[in-house]
Asks: 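The structure follows.
Not measured: the values here are computed from a predicted model. When reading the values below, keep in mind they use all heavy atoms of this one structure, side chains included, and skip hydrogens, waters and symmetry mates.
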2 protein chains.
Amino acid sequence: MGMTLDEILPDLRRQSVDVRHAETGLWAASMLRDRISAGQLAPGAKLSEEPLCEVLGVSRNTLREAFATLAREHVVTRIPNRGVFVTRPTADDIREIYRVRRFLEPAALTWSTDYTTDALHAAIARARSAHTDGSVPGMASANQDFHAGVVALTGSDRLNAQMTQVLAEMRLVFHSMVADPLFHAPYIDDNAIILAKFEAGERSEAAALMVDYLRRAEQQLLEAHARARAATRHPLAQTGAQRAYGTR
Amino acid sequence: MGMTLDEILPDLRRQSVDVRHAETGLWAASMLRDRISAGQLAPGAKLSEEPLCEVLGVSRNTLREAFATLAREHVVTRIPNRGVFVTRPTADDIREIYRVRRFLEPAALTWSTDYTTDALHAAIARARSAHTDGSVPGMASANQDFHAGVVALTGSDRLNAQMTQVLAEMRLVFHSMVADPLFHAPYIDDNAIILAKFEAGERSEAAALMVDYLRRAEQQLLEAHARARAATRHPLAQTGAQRAYGTR
DNA sequence: TTTCTGTGTATTGTTCAACAATCTCTGTAA
DNA sequence: TTACAGAGATTGTTGAACAATACACAGAAA
């Protein structure tokens with residue numbers, strides 16, 4: 001986690017030999033997106049054009065198309081004449097993420113016409129087993145699956161895309177602070193209760209519980225973010241890229 | 001409305017001389033977006049790279065960055081090795097647009113914490129005066145402002161962006177069919193009633209009325225779309241670009 | 001020491017020209 | 001009429017070039 005650009009270059013190179021790409025720009029974008037999502041490219045890391053296009057085997061023009069795609073997804077932040085950096089979410093970003101989720105997820109619970117909850121039950125089961133295994137990434141992933149599944153009830157591609165994007169930003173938030181192993185645990189039961197209410201047809205109750213859940217999670221993340229921010233105020237902990245991106 | 005590419009080339013050229021652009025790709029995108037939004041580039045029109053970059057004064061690479069931006073917004077559709085076309089909304093697109101709106105707008109009315117309704121009143125007033133003036137574009141624009149204003153109550157940049165995008169697609173729908181002059185008129189009073197309920201604190205009633213409004217509007221547009229589709233089935237009415245994009 | 005200031009170097013922003021891949025169109029033959 | 005083949009046009013991608021900007025470092029002034 002949080003490897004430098006140099007460390008993952010060989011890894012990227014391995015995957016980029018002999019790959020035929022119909023849409024090279026999109027292919028390069030998904031390549032980078034996966035690394036960032038996995039935390040191998042940590043928030044604040046600078047994505048220099050030259051080494052990247054050498055390693056991916058694409059031209060600078062194509063790489064810039066990939067950057068444009070990722071920038072629109074807020075996965076990457078472009079600073080003119082400075083370069084492209086993995087987005088380091090701010091407190092305002094966290095508030096915005098939860099603002100979106102507080103409208104999207106209750107709305108899905110309230111007005112969706114889809115009653116297929118298999119995926120939701122499966123996500124909760126996965127979260128529970130990850131909990132007994134003590135797998136923090138497993139719990140995080142299963143939790144995301146549950147909430148993505150809630151929005152999937154809308155049946156709308158665009159709303160799903162928006163949720164996917166917001167959850168990707170959530171992963172950036174987790175990667176940019178020390179993960180509390182107990183963060184996800186209390187929410188598993190919350191999800192189960194919300195699902196039960198939804199299946200019982202008590203939609204407004206389910207929605208209200210969801211709003212409450214999201215408020216608590218937001219509060220907890222904002223506090224963790226403030227602590228992480230205070231911890232990295234030490235000049236020694238700042239890399240060049242971090243300074244470049246700013247601690248705004 | 002619905003001019004060919006050749007007809008608006010001189011117009012575009014006029015605006016593109018001596019313009020300093022910090023982000024040329026985004027500038028070119030907004031240039032094209034404006035033309036499409038105004039209906040000067042009709043749905044189905046092909047956007048050839050060479051004449052466009054000549055006229056905009058940007059290179060093909062930069063123009064392609066603009067295309068990538070517009071494609072993500074669904075304003076433009078890219079067909080590999082065929083080219084870029086102004087999106088011609090399908091019936092499914094209309095259904096998807098209203099699916100998004102039926103979640104976003106009621107959610108805003110139900111859970112927003114912002115009570116500033118000045119912009120909403122102003123939009124209704126503008127719609128009424130456009131109605132007495134018999135200005136169909138004025139009514140359409142004021143109606144869009146009202147619904148954009150509802151989502152603006154959420155205070156979320158991302159939800160606003162999503163709504164803006166969906167409304168841009170709505171304009172494409174209007175441009176791709178014969179506009180019924182009476183389409184918007186009946187909805188002005190609906191908006192006023194919804195606003196009154198919202199201000200009276202009867203949020204779930206306001207949301208319910210909004211859902212009803214959106215269902216009726218969707219139905220009406222789908223019927224108009226089916227009629228327009230039947231009318232353009234005549235082979236003579238099809239241009240090359242239309243065939244290329246397909247009547248899928 | 002600290003702060004300022006100027007210069008050189010590295011990186012990004014944009015354009016141009018080229019080539020391969022693919023599609024469209026036209027004309028011919030069955 | 002339909003099928004097919006080839007020429008021409010357009011898109012997809014690359015590589016190199018140059019201007020504009022930011023970063024790092026050295027030296028001068030306070």
Asks: Which residue, A:Gly25 or A:Pro80, contacts DNA chain D at a nucleotide closer to its 5' end, judged by nearest heavy atom?
Replies: A:Gly25
Asks: Is a side-chain donor-acceptor pair under 3.5 Å present for A:Thr116 with A:Asp114?
Replies: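 Checked: A:Asp114/A:Thr116 side chains pair up, N/O donor to acceptor below 3.5 Å.
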Asks: Report the nucleotide, chosen from D:dT11, C:dC23, D:dA17, that has the shortest atom-to-atom distance to any side-chain atom of B:Glu49.
Replies: D:dT11
Asks: Please assess B:Phe67 against B:Glu49 for the test side chain to side chain contact (heavy atoms under 4.5 Å, CB included), listing each intermediate value before the final yes or no.
Replies: CA-CA 10 Å; B:Phe67 281 162; B:Glu49 295 188 348; 4.0 Å; yes
Asks: Using only side-chain N and O atoms of B:Thr24, determine if any of them is under 4.0 Å from OP1 or OP2 of C:dT14.
Replies: yes
Asks: CG of A:Leu63 versus P of D:dG12: gap in Å, rounded?
Replies: 18 Å
Asks: What about B:Arg78: does its side chain form a donor-acceptor pair under 3.5 Å with the base of D:dG12?
Replies: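 Check fails, no donor-acceptor contact within cut-off.
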Asks: Whole-Å distance between C:dG13 P and B:Arg64 CZ?
Replies: 19 Å
Asks: Whole Å only: how far is the CG atom of B:Leu26 from the P atom of C:dT14?
Replies: 9 Å
Asks: Side chain of A:Asn61 only, heavy atoms from C-beta on: which candidate in C:dT24, D:dG12, C:dC16 is closest?
Replies: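 Of the candidates, C:dC16 comes closest.
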Asks: May I ask you to evaluate whether A:Thr62 reaches the phosphate of D:dT14, defined as a side-chain N or O under 4.0 Å from OP1 or OP2?
Replies: yes
Asks: Between P on C:dT12 and CD1 on A:Ile79, what's the gap in Å once rounded to a whole number?
Replies: 12 Å
Asks: Can you list everything that forms a salt bridge (charged side-chain N to carboxylate O under 4.0 Å, His left out) with B:Glu169? Sequence neighbours excluded, please.
Replies: A:Arg158
Asks: Any chance the side chains of B:Ser37 and B:Arg171 put a donor and an acceptor closer than 3.5 Å?
Replies: yes
Asks: Less than 6.0 angstrom separating the ring centers of A:Phe174 and A:His184, yes or no?
Replies: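 Aromatic pair counts; centres sit under 6.0 Å.
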Asks: Considering heavy-atom distances to DNA chain C, does A:Asn81 or B:Asn81 have its closest nucleotide positioned more toward the 5' end?
Replies: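 Checking each residue's closest nucleotide, the 5'-ward one belongs to A:Asn81.
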Asks: Less than 3.5 Å between a donor and an acceptor, one on the side chain of B:Arg60 and one on the base of D:dG12, is that the case here?
Replies: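 When only heavy-atom distances are counted, B:Arg60 does reach the base of D:dG12 through a donor-acceptor pair under 3.5 Å.
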Asks: Write down the distance between CD (A:Glu23) and C1' (D:dG12), rounded to a whole number of angstrom.
Replies: 8 Å
Asks: Looking only at the side chain of A:Lys46 (C-beta and beyond, no hydrogens), which of the listed nucleotides D:dT13, C:dT12, C:dT15 gets closest?
Replies: C:dT12
Asks: Taking atom P of D:dG12 as reference, at what distance in whole Å does atom CD of B:Glu65 sit?
Replies: 15 Å
Asks: Would you kindly give the CD-to-P distance between A:Glu50 and C:dG13, to the nearest whole Å?
Replies: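 Computing the A:Glu50:CD to C:dG13:P distance gives 14 Å.
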Asks: C:dT24, C:dT12, D:dT13: which one has an atom nearest the side-chain heavy atoms of B:Arg82?
Replies: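 For B:Arg82, the side-chain atoms sit closest to C:dT24.
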